[in-house]
Protein chains: 2
Amino acid sequence: MAEGGPGPGSGESLLFLTDEQLRKGIEAMFFAYRGFTADPDRILEEHAYGRAHHRAIHFIKRSPGTTVNNLLGILGVTKQSLNRVLRTLIEDGLVESRIGRRDKRERHLFLTEKGAALEGEISDVQRARMRTAYRAAGPAAVAGFRQVLEAMMEPEMKRQYQSLKDGGT
Amino acid sequence: MAEGGPGPGSGESLLFLTDEQLRKGIEAMFFAYRGFTADPDRILEEHAYGRAHHRAIHFIKRSPGTTVNNLLGILGVTKQSLNRVLRTLIEDGLVESRIGRRDKRERHLFLTEKGAALEGEISDVQRARMRTAYRAAGPAAVAGFRQVLEAMMEPEMKRQYQSLKDGGT
DNA sequence: AACTTTATGTCAGCCTTGTTGACTTTCCAA
DNA sequence: TTGGAAAGTCAACAAGGCTGACATAAAGTT
């Protein structure tokens with residue numbers, strides 16, 4: 001699949017995508033994702049939780065009252081796997097599970113005050129890093145960053161992502 | 001930590017970083033990383049390997065002859081964890097481990113032809129997705145993407161990342 | 001009313017990939 | 001030459017994925 005790299009002089013208006021360039025992009029994703037999860041991981045460890053717990057409370061915070069099934073779709077894990085995490089979060093009093101009023105089979109999930117506190121703590125450090133990175137890179141870079149990430153998503157996840165439209169801008 | 005969102009009219013020259021904006025960035029990373037690993041995961045599954053194996057052969061390909069210790073620094077796992085993965089790759093004939101000539105404690109790692117074949121197969125699909133995303137987003141977006149990712153890395157990882165400088169451009 | 005489907009939860013067991021602890025071999029420096 | 005440090009290996013454990021089987025309750029269908 002080698003692209004037969006264009007020389008230094010070939011059109012910059014098209015894309016100059018040598019395998020080396022693409023490889024750098026791939027490694028950038030790899031290392032950046034580690035940075036992205038580093039702060040949350042530190043906090044979670046103090047509380048004896050893992051990333052799985054973080055993902056759950058993140059999306060419950062984003063969509064309070066979401067059902068277990070919704071969450072399964074977003075997280076892309078099995079119900080057994082999610083259930084294990086959810087059970088401990090409920091036992092520990094971070095998440096509340098309310099039986100649906102219209103459809104009593106459904107469980108609607110909410111963060112308790114305690115759960116919101118942990119979510120907030122993690123959210124804060126994660127946003128802080130994102131904010132720093134954004135400021136270092138500048139507004140144009142931020143737009144590009146989001147565009148590339150969006151183009152990299154699987155179609156179904158892209159829908160999930162876009163279903164929460166941008167707040168202000 | 002709420003930023004007290006600036007209204008639609010406030011200076012676009014500074015950064016317009018509402019919590020909502022930052023949250024979108026966080027979710028973009030989350031969903032994009034899934035897309036990023038989706039194709040490799042499919043191929044790896046056919047060969048009964050996991051992401052850990054992929055990471056190993058990726059960085060051995062990038063730096064042939066690297067030692068186990070070097071690899072540990074890059075991958076950020078324990079040597080025991082890496083060793084298990086390495087052992088199966090060596091048993092399966094994808095990786096060759098040569099005892100160091102100067103320092104016999106060291107093992108220098110190389111991909112065999114078979115290992116290079118798998119690495120290439122995975123690399124191809126991963127680059128293909130990256131290329132598609134880059135093309136969809138355009139050159140300016142690509143630059144921004146890389147800038148933000150780099151700003152998001154932990155300092156030590158940033159050094160690792162930058163140690164392989166850009167090929168052409 | 002009987003049957004089927006859906007939503008959720010649970011138990012059991014497996015696999016990958018992280019972890020720590022203990023150990024061997026090799027190297028180097030006092 | 002001997003003791004510590006470094007590189008690598010083996011053993012055992014934990015988290016969090018997975019599948020399969022099954023239970024319950026509520027909805028929906030016939």
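Only a predicted model underlies this, so the values are computations on that prediction, with no experimental measurement involved. The figures that follow rest on heavy atoms only: side chains count, while hydrogens, waters and symmetry mates do not. Lettering follows sequence order; numbering is per chain, from 1.
Contact between B/Thr112 and B/Gly93 at its shortest, heavy atoms only, is OG1-O, 2.6 Å. Closest heavy-atom contact between B/Gly50 and B/Leu44: O-CD1, 3.6 Å. A pairwise comparison of heavy atoms in B/Arg129 and B/Ala38 identifies NH2-CB, 4.0 Å as the closest pair.
Checking B/Gln160 against A/Glu27 by side-chain atom types alone, no donor-acceptor pair falls below 3.5 Å.
Evaluation of atom-type donor-acceptor distances gives no pair under 3.5 Å for the side chain of B/Arg87 against the base of D/dG8.
Aromatic ring centres of A/Phe30 and B/Phe59: separated by under 6.0 Å. For A/Phe36 and A/Phe31, the ring centers are positioned 6.0 Å apart or more.
Two different hydrophobic clusters hold B/Leu75 and B/Phe110 under the rule that ILVMFWY side chains link at heavy-atom gaps under 4.5 Å.
For the segment residues 52-66 of chain B, the set of residues with a heavy atom within less than 4.0 Å of an atom of DNA chain C comprises B/Ala52, B/His53, B/Arg55, in numerical order.
In this structure, A/His47 and A/Tyr49 have parallel ring planes: the angle between them is below the 30° cut-off, well short of the 60° mark.
The CG atom of B/Asp41 sits 11 Å away from the P atom of D/dC18 (whole-angstrom rounding). Atom CG of B/Leu109 is separated from atom C1' of D/dA7 by 12 Å (rounded to the nearest Å). C/dG18 atom P lies 9 Å from atom CG of B/Leu75, rounded to whole Å. Rounded to a whole Å, the NE2 atom of B/His108 is 11 Å from the P atom of D/dA7. Here C/dT17 presents its P atom at 11 Å from OH of B/Tyr49, a figure rounded to the nearest Å. Between the C1' atom of C/dT8 and the CZ atom of A/Arg98 lies a distance of 18 Å, rounded to the nearest Å. Note: NE2 (A/His47) to P (D/dA15) measures 17 Å, nearest angstrom. We find that CD of B/Glu45 is positioned 16 Å from P of D/dG17, with the value rounded to whole Å.
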Restricting to nitrogen or oxygen on both sides, can you table the protein-nucleotides 22-30 of chain C pairs closer than 3.5 Å?
unit_1 : atom_1 : unit_2   : atom_2 : d
C/dC27 : OP1    : B/Lys104 : N      : 2.8

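Listed pair B/Thr78 / C/dG18 fails the phosphate criterion, with no side-chain N or O lying under 4.0 Å from OP1 or OP2. Contact check, A/Asn69 against C/dT8: a side-chain N or O comes under 4.0 Å of OP1 or OP2.
Each of B/Arg84 and B/Val68 has a nearest nucleotide on DNA chain D; the 5'-most of these lies closest to B/Val68.
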Q: Take B/Thr67 and B/Arg107, measure what side chain to side chain donor-acceptor pair (under 3.5 Å) needs, and give me the verdict at the end.
A: CA-CA 5 Å; B/Thr67 64; B/Arg107 299 298 132 93; over 6 Å; no

